Each structure stands twice: as structure tokens, then as C-alpha cells.
Amino acid sequence: MNEYRYFIANKNKIGTLVCNNKINGNDMILLIGYIIYSYGAGTVAHIVNKLTAVYDFEILKESITAAELNSSPETPYTYYDLIDENGYCEDDGYMYVDIGRIKKLFSKKKSQEMLSSIRRFNIEKEYIHDERTVFKKRKFVITRDGDKSKNVLRTSYDKTSLSYLLTYVMGGFFEEYEDESIGFTPDDLAQMLLKIYPKDFILSDDDADFIIDDLETWEQKCSSYETIKTIELFEKNATSSEQLFSMLKKHYKQNGYHSIYAEKDKEKLLLFYKPYNKQAVCAIRKKYKADNNKYIEIGFLNNKSESIYLEIRATISYNEDIRKIYGDVIQKVSLVYNEDLPVYNIMRNPGEACLDYLGDHSCYISLPI
């Protein structure tokens with residue numbers, strides 16, 4: 001199989017060396033013209049982003065000059081200009097792609113109409129259709145020290161942006177659960193992506209195209225977390241239920257409680273306790289009911305039997321906007337929490353009791369965002 005190497009560069013001959021085994025030289029002239037005029041891409045970075053994210057190109061060298069590229073022992077390739085060679089590619093070389101020359105080549109209106117009509121390059125329409133949204137055919141699995149998640153995910157993210165998104169989510173998790181000293185597994189992280197970004201991730205039954213190590217990604221990018229956490233693309237519009245649980249979690253955290261938010265199917269759950277105090281774990285749960293009745297359940301973890309279960313003590317119903325019962329929930333929890341509790345509601349280790357309950361009931365820890 002041929003490997004085609006292209007040096008995408010600006011007029012100063014500074015650019016990025018990429019490769020692909022499908023796009024030959026003549027096709028590359030058309031593709032670069034297509035990207036420039038269909039996406040309004042005017043820089044090397046913009047063009048390379050599209051090449052990697054949409055057309056499966058791989059980056060070999062970034063931010064390098066033509067002189068450095070030609071003199072480096074790491075790139076022992078001969079050099080040719082893509083337009084001058086009429087798209088011909090030598091096996092032992094790379095093709096110099098001057099984006100300015102290609103832009104000029106297709107500067108006329110009819111040429112641009114021609115480019116925009118190339119169906120082969122309009123592959124962003126080749127999506128997997130899901131009832132919620134559409135997804136590109138890019139599959140990956142999260143690993144950690146060689147241990148793989150059991151979930152292969154299909155996503156619209158490319159490798160680069162995915163690494164920043166993982167850092168964004170992991171940083172938020174570390175911030176949220178620093179006091180509780182709770183970690184996560186690759187499977188947990190995959191579930192968080194599915195839950196927080198349902199329009200960008202779905203489960204796949206196919207083999208992964210690539211793997212990404214979560215903690216290695218964090219180590220590489222954590223020094224930029226304060227910047228990464230400001231990326232608007234990663235922000236999510238929470239549902240009214242998620243907003244309620246986020247407000248509740250924040251309230252109890254500010255009042256000295258340790259709290260854990262978890263989900264299971266259509267169930268949302270907040271467990272919280274005050275360390276070295278009452279040793280009881282209170283729970284607030286919103287659970288899908290077949291009768292469509294809308295209410296919040298409040299209760300305590302109970303260790304009366306061999307396994308820990310949730311004992312409901314009170315419910316609060318609501319009509320349309322669940323956020324309006326925020327004050328009612330806090331008031332009801334206060335009343336229930338201050339009652340004299342039987343011994344089976346007192347946990348020797350509340351933190352471990354929370355994790356045991358969540359594990360026994362297949363709930364996964366997440367972020368209420």
C-alpha cells in the first residue's frame with residue numbers, strides 16, 4: 001500500500017508534514033482546494049485540522065520549515081512541488097503543497113463550483129445515524145497502563161480534540177471529588193462521555209480504530225487545565241434535573257458534607273454524609289417511573305441485610321420545572337436527617353458504604369453537569 005507524504009506550507013515555507021495512504025497527488029490538489037473554499041480554511045493549521053479530523057491524515061512533523069525538513073535525518077525524503085509535478089508523487093519523497101498557489105489555482109468561480117460538487121470529499125455526510133444525532137465513523141477505546149475499557153465508543157471528535165476533552169472531563173472530576181478521594185476507571189470515564197455528551201459519543205460493537213490512555217493524556221495536558229476548562233465547546237447545557245442535582249451537590253459540599261453523584265439508566269442519585277459526624281448516608285434520588293409520576297425520593301442507606309440498600313423516608317412531587325423544588329428538598333432532607341436514626345442507618349465507614357452501594361447496584365459515578 002502506498003504512503004503519500006505532503007508538506008502543507010504557507011508562503012514562508014513553514015508548515016506540517018502529513019501522510020495518507022488513499023489520497024494521491026492529483027486528488028490532493030483537489031482536496032486542498034476543496035478544503036480552502038468549502039471550509040474557508042486559509043491557514044496551515046485550519047487545513048491540517050480538516051485533513052486529520054475528516055480525511056484520516058496523520059501528522060508526521062509540525063511547525064517545521066522546508067529547510068529543516070530537507071536537512072533532517074528523520075525525514076530522508078526527496079522534495080517535489082505538487083503543482084509543478086502535476087500531482088505526481090515519488091515513493092521516496094514528499095510533495096510540497098503551497099496553499100497559496102492552490103488557492104490561486106482554483107480562484108475562479110467555476111473552479112470553486114467544481115470543487116464544491118466533488119461528492120468524494122463531502123464525507124462528513126457519511127455518518128452513522130442515531131435517533132439522537134449523527135456520528136462520524138471514528139472509533140476508540142480508553143486504556144490505562146494497558147488495561148482497556150470494555151466500551152468501544154464512536155465519536156465525532158478527532159484524536160487531538162478528544163485528548164483535550166478527556167482532560168476537561170478528568171479535571172472536573174478531580175476537582176469535584178478531591179475531598180472524597182474518589183477515582184475512576186477507564187469504563188467510568190467512557191460512561192461519563194456517553195452521559196455528558198450524548199450527541200458526540202455512542203457505543204460501538206466494532207473494533208477500535210485507535211486507543212487513548214487517560215492518565216497519560218492527563219499527565220501531558222494537566223499543566224494547561226486552567227486554560228482547557230475555559231473551552232466553550234466542551235461546556236454542556238444541563239437538563240433541569242441535572243441542574244437541580246448540581247445545585248444540591250454544591251449546597252451540601254459548601255456545608256461540609258462529602259457527596260457523590262451517580263447515575264444508572266434514567267436514575268439520578270446523590271449520596272452525601274458529614275465526616276466524623278452522624279455516620280449516616282443520606283440519599284436524594286430521581287427515578288424513572290412507568291406511571292410518569294414526578295417526584296424526588298429522600299432516604300438513607302440501610303445495612304440491615306447482607307447488602308446495603310436504599311430506604312426511602314420521604315418524597316416530594318413536582319409538576320413542570322424540577323428546579324423549583326430545590327428549597328423544598330433541602331428543607332425535607334434537614335427534617336429527615338435530624339431524626340433519631342436506628343442503628344442500621346449508621347455506617348462504620350460512610351465513604352465505603354457509598355461505593356459498595358453504587359457497585360452493588362451498577363451505578364456509575366459522574367458529574368451533575
Side-chain angles (χ1 to χ4, degrees), residues 1-6 16-24 27-28 31 35 48-62 119-170 173 183-221 228 233-234 236 263-265 359 362-367:
M1 184 179 293
N2 292 329
E3 180 180 72
Y4 303 103
R5 293 175 289 272
Y6 303 99
T16 299
L17 183 66
V18 300
C19 70
N20 182 279
N21 58 20
K22 297 178 181 178
I23 305 295
N24 63 34
D27 288 340
M28 189 64 170
L31 178 56
I35 292 173
V48 170
N49 176 267
K50 285 299 177 184
L51 289 174
T52 56
V54 182
Y55 302 99
D56 295 323
F57 276 72
E58 179 183 356
I59 293 175
L60 300 179
K61 288 283 184 179
E62 291 183 278
R119 288 193 298 272
R120 180 187 177 187
F121 296 155
N122 196 17
I123 62 174
E124 284 193 299
K125 292 183 178 179
E126 294 179 6
Y127 292 136
I128 302 298
H129 194 74
D130 179 85
E131 63 180 1
R132 298 165 296 181
T133 185
V134 290
F135 295 83
K136 269 184 51 53
K137 300 177 181 179
R138 188 178 298 279
K139 303 174 291 293
F140 73 98
V141 64
I142 300 173
T143 67
R144 182 180 302 168
D145 296 329
D147 295 329
K148 293 183 180 180
S149 166
K150 63 177 180 291
N151 298 307
V152 175
L153 302 186
R154 194 185 297 271
T155 184
S156 58
Y157 278 83
D158 59 272
K159 291 182 182 179
T160 300
S161 58
L162 178 62
S163 67
Y164 285 102
L165 176 62
L166 291 185
T167 304
Y168 179 90
V169 174
M170 288 187 286
F173 190 96
F184 59 87
T185 67
D187 280 333
D188 294 331
L189 184 54
Q191 289 293 338
M192 281 188 270
L193 293 175
L194 290 167
K195 176 262 174 184
I196 299 173
Y197 303 101
K199 292 183 178 181
D200 295 301
F201 297 90
I202 55 173
L203 287 171
S204 174
D205 294 326
D206 299 326
D207 293 333
D209 297 324
F210 66 94
I211 63 174
I212 185 166
D213 188 288
D214 56 0
L215 293 190
E216 181 178 303
T217 300
W218 173 256
E219 290 170 359
Q220 292 172 350
K221 299 217 167 20
I228 294 170
L233 176 65
F234 299 158
K236 177 182 179 286
E263 294 195 358
K264 174 187 176 182
D265 297 328
S362 301
C363 300
Y364 60 90
I365 301 171
S366 189
L367 298 169

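Please read all numbers here as calculations on a predicted model, not as lab measurements.
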Report task. Kindly compute the distance separating NZ (K195) from NZ (K236), expressed to the nearest 0.5 Å. Result -> 5.5 Å
Query - L60 vs R5 side-chain heavy atoms within contact, under 4.5 Å - result: yes
Report task. Rounded to the nearest 0.5 Å, what's the gap from CZ on F201 to CD on Q191? Could you check? Result -> 12.5 Å
Requested in this report: Report the C-alpha distance between Y4 and I23 in whole Å, list the side-chain angles of each, state the deciding distance to 0.1 Å, and finish with yes or no for side-chain contact (heavy atoms from CB on, under 4.5 Å).
Outcome: CA-CA 7 Å; Y4 303 103; I23 305 295; 5.7 Å; no
**Report entry** With S161 via side chain to side chain donor-acceptor pair (under 3.5 Å) - residues at least two apart
**Finding:** D158
Requested in this report: Any chance you could measure L51, atom CG, to Y6, atom OH, to the nearest 0.5 Å?
Outcome: 10.0 Å
Query raised in the report: By side chain to side chain contact (heavy atoms under 4.5 Å, CB included), which residues pair with Q220, not counting sequence neighbours?
Result: E216
Query raised in the report: Which heavy atom in K264 sits nearest to a heavy atom in S362, and how many Å separate them?
Result: CG-O, 3.9 Å
Requested in this report: Kindly write out the residues that satisfy salt bridge (Lys or Arg N to Asp or Glu O under 4.0 Å) with K221, not counting sequence neighbours, or none if the list is empty.
Outcome: none
Query raised in the report: In Å and rounded to the nearest 0.5 Å, what is the OG1 to NZ distance from T155 to K199?
Result: 14.5 Å
Report task. Check whether any side-chain heavy atom of L153 sits under 4.5 Å from a side-chain heavy atom of L203, and report yes or no. Result -> yes
Query raised in the report: Between R138 and D56, does at least one N-O distance fall below 4.0 Å, as a salt bridge requires?
Result: yes
Query raised in the report: Per the side chain to side chain contact (heavy atoms under 4.5 Å, CB included) rule, which among N151, D213, D145, I142 passes with P186?
Result: I142
Query raised in the report: Does the side chain of F140 reach to within under 4.5 Å of the side chain of L162, using non-hydrogen atoms?
Result: yes
Requested in this report: With sequence neighbours left out, write down each residue that passes side chain to side chain contact (heavy atoms under 4.5 Å, CB included) with I211, or none if nothing qualifies.
Outcome: V141, T143, K148
**Report entry** Criterion side-chain contact (heavy atoms from CB on, under 4.5 Å) on I365 and M192, from CA distance to verdict
**Finding:** CA-CA 8 Å; I365 301 171; M192 281 188 270; over 6 Å; no
Report task. Please identify each residue that fulfils side chain to side chain contact (heavy atoms under 4.5 Å, CB included) with E219, with sequence neighbours left out. Result -> none
**Report entry** Atom pair CD1/OG of I212 and S163 - distance to nearest 0.5 Å
**Finding:** 5.5 Å
Query raised in the report: Are I59 and L17 side-chain neighbours, meaning at least one heavy-atom pair lies under 4.5 Å?
Result: no
**Report entry** Atom pair CZ (F57) and CG (N20), whose distance is rounded to the nearest 0.5 Å
**Finding:** 4.0 Å
Query raised in the report: Which residues satisfy the ring-ring contact (aromatic ring centres under 6.0 Å, His included) test with F234, sequence neighbours excluded?
Result: Y168
Query raised in the report: Within a strict 4.5 Å, meaning less than it, do heavy atoms of the Y55 and I35 side chains meet?
Result: yes
Query raised in the report: In chain order, what residues pass the side chain to side chain contact (heavy atoms under 4.5 Å, CB included) check against D206, with sequence neighbours excluded?
Result: K139, R154, S204
Report summary line: For D187, the salt bridge (Lys or Arg N to Asp or Glu O under 4.0 Å) test, sequence neighbours excluded, returns K150
**Report entry** Heavy-atom side-chain contact between L233 and Y157 under 4.5 Å
**Finding:** yes
Query raised in the report: Are side-chain heavy atoms of I228 and L165 found at a separation under 4.5 Å?
Result: no
Query raised in the report: Do the numbers put K159 on top of the ring of F210, so that NZ or CZ is under 6.0 Å from the six-membered ring centre and no more than 45° off the axis?
Result: yes
Query raised in the report: With a 4.5 Å heavy-atom cut-off, do K61 and T16 have their side chains touching?
Result: no
Query raised in the report: What do the steps show when you test V169 against L189 for side-chain contact (heavy atoms from CB on, under 4.5 Å), and what is the final call?
Result: CA-CA 8 Å; V169 174; L189 184 54; 3.9 Å; yes
Query raised in the report: Taking the six-membered ring for Trp, are F184 and Y364 ring centroids under 6.0 Å apart?
Result: no
Requested in this report: Can you sort out the partners of Y164 under ring-ring contact (aromatic ring centres under 6.0 Å, His included), two or more places apart, ordered by chain and number?
Outcome: none
Query - Partners meeting salt bridge (Lys or Arg N to Asp or Glu O under 4.0 Å) with D188 (sequence neighbours left out) - result: none
